[in-house]
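This report concerns only the one structure given below.
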Amino acid sequence: MDGDETEILFQPQFAAHNGRVLGAEALARWPHPQLARVGPMALAVAVGWPAPLRLSLNVTAADLADAAFGGAIVAMAADAGFALGRLTIEITEQALLADLDIVADRLRPLADRGVHVALDDFGAGFCNFAYLKRLPLHGLKLDRSMVEGIEEDSRDRAVLRGIVAMASALGLEVVAEGVENERQRAAVTGEGCAAWQGFLGAAPMPAAAFARLAC
Ligand code: G
Ligand code: MN
């Protein structure tokens with residue numbers, strides 16, 4: 001059984017500098033989606049996309065708690081024939097409440113093999129800066145609450161500027177989430193975010209619609 005891929009939606013991410021589609025985040029329609037189910041279905045779709053389009057998968061605390069986590073990701077990608085270097089895993093802060101050393105140990109072999117690791121929902125919740133020091137991160141996904149007031153509030157803008165400066169000093173790329181209008185897009189681009197995602201560009205969409213947009 002290869003599952004029903006129509007249950008997964010794909011939300012495009014756009015390059016800040018030229019608006020090109022960089023790839024998509026896979027979002028499941030059902031509650032409490034598990035990587036073991038979403039991963040293979042999304043990878044089976046993404047293997048049909050031309051390089052260098054990327055696939056982002058969300059990883060939960062339960063996924064990371066499993067000692068077989070890294071091996072499972074590698075096996076999933078290999079089964080689908082999808083290159084690890086085109087895969088991003090997004091980890092939310094709630095997935096990091098576990099022992100940080102264990103999480104870092106689970107992520108490092110994947111990062112070493114070219115998987116990008118992004119810290120999701122950055123700026124919401126507790127936002128522990130130790131994550132930035134100790135995890136093998138490639139980038140941050142700025143929570144949409146950090147983008148919402150960006151066009152009219154100079155304090156919001158200052159916070160964004162600080163985050164991008166810190167990220168850039170750490171060699172991390174920033175993706176802005178929840179970009180809903182042109183002014184927000186211009187602001188996050190102007191402040192140096194590498195990419196953006198949000199309703200301005202596209203809502204999460206079925207695989208066929210994403211293929212028409214991006215392939
Ligand atoms: O945090 P995460 O990236 O997993 O959140 C994905 C959710 O955010 C999806 O349910 C999606 O529909 C929603 N979403 C995506 N883009 C936007 C946007 O521009 N504005 C708002 N309000 N929600 C968005
Ligand atoms: Mn996400």
Side-chain angles (χ1 to χ4, degrees), residues 5 8-28 33 35 38-59 73 76-77 80-92 107 110-111 113-123 135-144 146-147 150 160 163-164 167-168 170-215:
E5 283 148 20
I8 301 200
L9 299 178
F10 296 86
Q11 187 174 32
Q13 293 181 1
F14 302 89
H17 69 288
N18 64 5
R20 295 269 289 271
V21 177
L22 296 172
E25 176 179 3
L27 296 160
L35 183 67
V38 178
M41 291 165 76
L43 285 159
V45 169
V47 77
W49 303 342
L53 290 184
R54 308 187 58 84
L55 174 70
S56 295
L57 294 174
N58 290 288
V59 162
I73 295 262
M76 253 178 229
F82 193 77
L84 286 174
R86 289 171 60 197
L87 186 63
T88 299
I89 55 178
E90 299 187 7
I91 47 176
T92 57
L107 292 172
L110 291 174
R113 298 184 67 167
V115 175
H116 289 185
V117 179
L119 199 49
D120 207 359
D121 306 322
F122 189 81
L135 297 176
L137 297 176
H138 182 272
L140 308 177
K141 280 190 88 181
L142 207 57
D143 188 71
R144 79 175 70 92
M146 306 297 292
V147 170
I150 213 75
L160 171 63
I163 291 173
V164 174
S168 128
L170 289 164
L172 303 176
E173 152 172 302
V174 180
V175 178
E177 273 190 320
V179 174
E180 295 182 348
N181 61 55
E182 177 53 32
R183 295 183 313 282
Q184 290 169 339
R185 190 204 61 75
V188 299
T189 298
E191 294 298 343
C193 292
W196 61 276
Q197 184 178 335
F199 294 161
L200 172 68
M205 57 178 72
F210 179 75
R212 280 193 297 276
L213 177 80
C215 300

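Only a predicted model underlies this, so the values are computations on that prediction, with no experimental measurement involved.
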Going by atom type alone, with no hydrogens or angles, which donor-acceptor pairs under 3.5 Å involve a side-chain atom of residues 17-28 and a protein atom two or more places apart or on another chain?
residue : atom : partner : partner atom : Å
Asn18   : OD1  : Arg20   : N            : 3.0
Glu25   : OE1  : Lys141  : NZ           : 2.8
Glu25   : OE1  : Gln197  : NE2          : 2.8
Glu25   : OE2  : Asn58   : ND2          : 2.7

Shortest non-hydrogen contact from [X] to [Y]?
X      : Y      : result
Ala80  : Leu43  : CB-CB, 3.6 Å
Ala42  : Leu57  : CB-CD2, 3.8 Å
Val147 : Gly178 : CG1-O, 4.0 Å
Gly81  : Val47  : O-CG2, 3.5 Å
Leu53  : Phe82  : O-CZ, 4.3 Å

Are any of the side-chain heavy atoms of [X] and [Y] separated by less than 4.5 Å?
X      : Y      : value
Ile8   : Val38  : yes
Cys193 : Val175 : no
Leu142 : Ile163 : yes
Phe199 : Gln11  : yes
Glu177 : Asp120 : yes
Ser56  : Phe10  : no
Leu110 : Pro136 : no

Could you work out, with side chain to side chain contact (heavy atoms under 4.5 Å, CB included) as the rule, every residue matching [X], not counting sequence neighbours?
X      : result
Met205 : Pro12, Ala202, Ala209, Phe210, Leu213
Leu200 : Val179, Glu182, Arg185, Trp196
Ala211 : Cys215
Val117 : Ile89, Ile91, Leu107, Leu137

(message) Give me each pair satisfying salt bridge (Lys or Arg N to Asp or Glu O under 4.0 Å) with a member in residues 191-208, each pair once, sequence neighbours excluded.
(response) Arg157-Glu191, Arg161-Glu191

Mind checking side chain to side chain donor-acceptor pair (under 3.5 Å) for [X] and listing every partner two or more places apart, or none if nothing turns up?
X      : answer
His138 : His116
Asp143 : Ser145
Arg86  : none

(request) Write out all pairs satisfying side chain to side chain donor-acceptor pair (under 3.5 Å) with one or both partners inside residues 203-215, taking only residues at least two apart or from two chains. (result) none

(message) I need the full list of side chain to side chain donor-acceptor pair (under 3.5 Å) pairs touching residues 40-50, with sequence neighbours left out, sorted by first then second residue.
(response) none

(message) My understanding is that only residues two or more places apart in sequence, or in another chain, count here; which of them pass salt bridge (Lys or Arg N to Asp or Glu O under 4.0 Å) with Arg183?
(response) Glu151

(message) For the CD1 atom of Ile150 and the CZ atom of Arg144, what is their distance to the nearest 0.5 Å?
(response) 15.0 Å

(message) Quick check against the 3.5 Å criterion: does Arg54 have a side-chain atom that pairs as donor or acceptor with the backbone of Leu87?
(response) yes

